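Data first, discussion second: the structure below is written as structure tokens.
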Amino acid sequence: MAPADGAVRQQLDPAAADAVRAYAAKTRENADQLAAVLEDIATNGLPSVEDCTPWEELREAHLTRLTAQRPAVA
């Protein structure tokens, strides 16, 4: 993407540039996974209810992961 009206862009330091690239790669990976799921649904239809995990279980598992990542607060 070119800067507007010939404006000069501020360069990132190498560590910041690497962090942005890593974030872009992870975002691209997540988008590819979502696209694959949507393509599968379009091709094969929705999975049966028996093959799905209730959202409440997914939420609790995610909250458990988040809690494990955070230091305890006194």
Side-chain angles (χ1 to χ4, degrees):
M1 188 171 186
D5 299 325
V8 177
R9 293 179 124 184
Q10 179 181 351
Q11 295 297 311
L12 298 175
D13 64 70
D18 288 343
V20 170
R21 285 186 193 96
Y23 180 76
K26 183 64 177 163
T27 301
R28 188 174 294 111
E29 178 185 336
N30 289 341
D32 288 345
Q33 288 176 354
L34 175 59
V37 168
L38 295 175
E39 288 170 355
D40 179 69
I41 289 170
T43 301
N44 302 307
L46 292 169
S48 68
V49 172
E50 295 80 23
D51 293 334
C52 295
T53 304
W55 72 269
E56 295 91 348
E57 289 180 28
L58 296 172
R59 179 194 64 211
E60 291 304 317
H62 184 65
L63 290 174
T64 300
R65 283 192 303 275
L66 290 175
T67 301
Q69 292 172 359
R70 290 189 117 189
V73 177

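Hydrogens, waters and symmetry mates are skipped; everything else that's a heavy atom, side chains included, is used. Predicted, not measured: the structure shown is a model, and the values here were computed from it.
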Output side-chain donor-acceptor pairs under 3.5 Å for residues 17-30, partner residues at least two apart or in another chain, one line each.
{"unit_1": "Asp18", "atom_1": "OD1", "unit_2": "Arg21", "atom_2": "NH1", "d": "3.3"}
{"unit_1": "Thr27", "atom_1": "OG1", "unit_2": "Tyr23", "atom_2": "O", "d": "2.8"}

Report all side-chain donor-acceptor pairs from residues 31-41 shorter than 3.5 Å, counting only partners two or more places apart or in another chain.
{"unit_1": "Asp40", "atom_1": "OD1", "unit_2": "Asn44", "atom_2": "ND2", "d": "2.6"}

inquiry  = Suppose the criterion is side-chain hydrogen bond (donor to acceptor under 3.5 Å, both in side chains): which pairs have a residue in residues 55-68, not counting sequence neighbours?
reply    =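 Residue pairs with at least one partner in residues 55-68: His62-Arg65.
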
